[in-house]
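To keep things clear, I will list the structure first and then write my remarks on it.
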Amino acid sequence: MLNEITWMPAWQIRDLIFRREISPVEVTEHFLARIEEHDGKIQSFAHVDHAGARAQAARAERAVAVGEQLGSLHGIPVSVKGHIFVEGLPTFDMGTLSNIPAAPRDDVQVERLRAAGAVIIGTNTLMGSGSDASLAGGDPRRSYNWDVEARNPWDISRVPGWSSSGTAAAASARLVPIGLGSDGGGSTRLPSAYSGVFGIVATPGRIPWIHPSAPAMALTASTGPMCRDVLDGAIATQAMAGPDGRDFYSLYDEPDNYSANIEDGVEGMRFAWSDDMGFASLYAQEESPRVIAAIRAAAHGFNQLGATVETTDEKWDDFWDGFMMINRAFGAGGRGMGEQPPADELWASLQSRGENVDRFNRLFKDYDVLLTPTTQLLPRKIEDWNDCWTINSPQYPHGSFAGVYTSHVMLFNWLSMPAFSVPAGFVDGLPVGLQIVGKPGSEAKMFKIARAFQKAFPHDQRPPTF
């Protein structure tokens with residue numbers, strides 16, 4: 001039984017726990033052993049809380065034994081991106097951009113995961129936070145500390161994406177059933193696509209985020225689960241979603257039930273498809289036509305499920321200037337160290353944002369969701385990745401590789417729209433992702449669409465050697 005749970009969806013493991021066919025302690029020990037055996041290859045964990053995880057699992061086991069009411073994630077090991085606070089664990093603080101020895105409290109998402117019964121097993125590496133300028137030795141290309149940065153389980157010579165990198169790698173290699181990432185410009189969706197897992201950015205405010213040292217992060221950022229199974233993602237999102245009066249951006253209405261109709265399928269739905277939304281070809285690289293073609297073909301698989309997929313000729317504006325204005329006003333990623341831009345420039349940027357939102361409002365009158373590639377790139381070798389962000393950065397549009405990397409995702413952070421990435425197959429043996437974009441508040445429908453796609457086209461291959 002223990003070997004079987006490695007690749008089993010978390011909801012099935014939970015059901016085994018409910019039926020007392022396996023215990024939370026056995027589940028936790030199993031995944032701690034997998035981390036011990038495999039994480040040296042992919043460096044997905046910054047800190048594994050062996051003692052804390054075992055204590056949580058023991059409490060979860062006692063709850064089963066005495067017949068307590070059990071939560072939706074009872075006994076399920078969950079890891080957390082390294083800048084999301086887990087009380088007492090070392091963390092990278094996004095407000096001060098520094099490592100601190102112990103988080104002063106649980107962030108609200110962790111509070112809610114614990115309340116649902118999850119066993120918080122540790123924190124994941126996030127690309128860049130392990131860097132140390134002293135390691136560069138005068139080499140301008142060495143922007144990362146590859147001794148600690150996460151690697152892609154599908155090819156450990158390649159990156160698993162930026163930011164929520166360790167969380168994606170851990171979920172892909174199934175060192176943990178579910179991980180929690182964050183997304184301020186694609187940072188759950190892109191690592192999910194690079195690593196062959198499911199990841200979401202929810203409507204801002206749907207999952208509360210209270211971070212006093214960087215209070216404006218919620219303008220463009222949200223947190224969300226990363227996992228191999230869409231239903232697991234829906235259950236984890238449900239556990240974290242809902243109003244919280246401590247969060248100024250928290251939505252006051254109660255979230256939909258994301259699992260209630262998740263198996264209903266997509267018959268009769270209409271989906272719009274776009275290769276590049278009218279601007280992303282600016283950022284295309286050599287492999288982009290092949291990647292886009294593969295994901296486009298995967299998206300048209302919905303036609304076999306009773307839905308209609310049609311190419312839209314709607315075009316949106318490049319996100320770059322608008323997103324950079326938000327960074328200028330509120331600090332990079334909304335970290336609160338910005339400057340007041342001239343009022344007329346900010347107004348012009350807001351006008352542009354409004355026009356782009358209006359285009360989506362028109363689209364969603366005729367279509368349930370928009371489908372796009374999550375990324376038009378394949379995961380880079382670590383040497384290439386390093387050079388893309390350093391010595392080669394000036395050759396890319398806007399003088400930065402950032403636009404190339406985020407070409408298909410950052411628009412939706414700028415416009416405050418929910419977007420999911422679901423595995424869509426492989427190109428050159430490397431994972432690619434299909435992005436599902438919906439109206440704010442439409443996560444229940446989006447989970448249903450993602451679930452239908454994953455059940456019909458599972459792409460559930462396992463990374464080599466894991």
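Everything numeric in this text was worked out from a predicted model, so none of it was measured.
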Could you go through the side-chain contact (heavy atoms from CB on, under 4.5 Å) check for W162 and S187 one step at a time? CA-CA 6 Å; W162 178 271; S187 293; 4.2 Å; yes
N152 side chain to R158 main-chain N or O, any donor-acceptor pair under 3.5 Å? no
Does a donor on one side chain sit under 3.5 Å from an acceptor on the other, for Q376 and S407? yes
Examine distances only and state if a side-chain atom of N356 and a backbone atom of W316 form a donor-acceptor pair shorter than 3.5 Å. no
With a 3.5 Å cut-off and no angle check, do the side chains of N124 and S44 form a donor-acceptor pair? no
Applying side-chain contact (heavy atoms from CB on, under 4.5 Å) to Y367 and V369, what does each step give before you reach the verdict? CA-CA 6 Å; Y367 297 100; V369 293; over 6 Å; no
Side-chain donor or acceptor of S421 paired with backbone N/O of G199 under 3.5 Å: no
With no hydrogens and no angle check, just 3.5 Å: does a side-chain donor-acceptor pair link H398 and D318? yes
Quick one: does S165's side chain get under 4.5 Å of V159's, heavy atoms only? no
Look only at the side chain of S393 and the backbone of T390, and say whether a donor-acceptor pair between them is shorter than 3.5 Å. no
Please check if the number of heavy atoms outside I156 that lie under 6.0 Å from its CD1 is greater than 12. no
Counting C-beta onward and ignoring hydrogens, is there a side-chain heavy-atom pair between V291 and T375 closer than 4.5 Å? no
Taking the side chain as every heavy atom from C-beta outward, state whether K445 and I449 have any atom pair closer than 4.5 Å. yes
Side chains of Y283 and D276: do they bring a donor and an acceptor to under 3.5 Å? no
Run Q285 and Y396 through side-chain contact (heavy atoms from CB on, under 4.5 Å) and show every step you take. CA-CA 10 Å; Q285 301 298 299; Y396 298 111; 3.7 Å; yes
Determine, for D428 against R290, whether the closest basic-nitrogen to carboxylate-oxygen distance falls under 4.0 angstrom. yes
From CG (L180) to SG (C227), nearest 0.5 Å: 10.5 Å
Worked verdict on T406 versus R189 for side chain to side chain donor-acceptor pair (under 3.5 Å): CA-CA 10 Å; T406 63; R189 290 162 290 157; over 6 Å; no
F271 vs L370, side-chain contact (heavy atoms from CB on, under 4.5 Å): CA-CA, chis, key distance, verdict: CA-CA 6 Å; F271 305 150; L370 172 69; over 6 Å; no
Would K448 and F453 count as a cation-pi pair here, with the cationic atom under 6.0 angstrom from the ring centre and within 45° of the axis? no
Looking at E287, I want to see if its CD is surrounded by more than 12 non-hydrogen atoms of other residues, nucleotides or ligands under 6.0 Å. yes
Can you check whether A241's main-chain N or O pairs, donor with acceptor, with R112's side chain at less than 3.5 Å? yes
Compute whether any side-chain donor of one residue and acceptor of the other, for W273 and D275, lie under 3.5 angstrom apart. yes
Testing the 3.5 Å rule here: is there a donor-acceptor pair between the side chains of S416 and R353? yes
D93 backbone acceptor or donor facing T91 side chain under 3.5 Å: no
Verify the distance criterion only: is there a donor paired with an acceptor across the side chains of D183 and S222 at less than 3.5 Å? no
Rounded to the nearest 0.5 Å, how far apart are CD of E111 and CD1 of I210? 7.0 Å
Short question: side chain of Q43, backbone of E149 - any donor-acceptor pair under 3.5 Å? yes
Donor-acceptor contact present, side-chain S250 to main-chain D244, <3.5 Å: yes
Taking the side chain as every heavy atom from C-beta outward, state whether L16 and M8 have any atom pair closer than 4.5 Å. yes
Taking side chain to side chain donor-acceptor pair (under 3.5 Å) as the cut-off, I'd like each qualifying pair that reaches into residues 192-206, sequence neighbours left out, listed once. T203-E443, R206-D253
Say whether, by atom type as modelled, one donor and one acceptor occur between the side chain of D247 and the main chain of P208 under 3.5 angstrom. no
Any heavy-atom pair between the side chains of F302 and L434 that's under 4.5 Å? yes
Ring of W209, cation from R246 - is the NZ or CZ under 6.0 Å from the centre and inside 45° of the axis? no
What pairs of residues pass the salt bridge (Lys or Arg N to Asp or Glu O under 4.0 Å) test when at least one of them lies in residues 223-238, not counting sequence neighbours? D229-R451
Enumerate the ring-ring contact (aromatic ring centres under 6.0 Å, His included) contacts for residues 227-258, please, sequence neighbours excluded, ordered by first and then second residue. Y258-F447
Enclosure of K41 NZ (heavy-atom neighbours >12, cutoff 6.0 Å): yes
Side chains of K81 and T167: any donor to acceptor distance under 3.5 Å? no
Taking atom types as modelled, is there a side-chain donor on T372 or Q435 under 3.5 Å from an acceptor on the other? yes
What I want to check is whether the side chains of T374 and H408 have a donor and an acceptor closer together than 3.5 Å. no
Assign the ring pair F401 / W385 to parallel, tilted or perpendicular, where the plane angle (0 to 90°) is split at 30° and 60°. perpendicular
State, without any angle test, whether D387 and N392 hold a side-chain donor-acceptor pair at a distance under 3.5 Å. no
Thinking salt bridges, do E29 and R54 make one under a 4.0 Å N-O criterion? yes
Do any N or O atoms from the side chain of R380 and from the backbone of L378 form a donor-acceptor pair under 3.5 angstrom? yes
Determine, using ring centers only, whether F279 and W320 are less than 6.0 Å apart. no
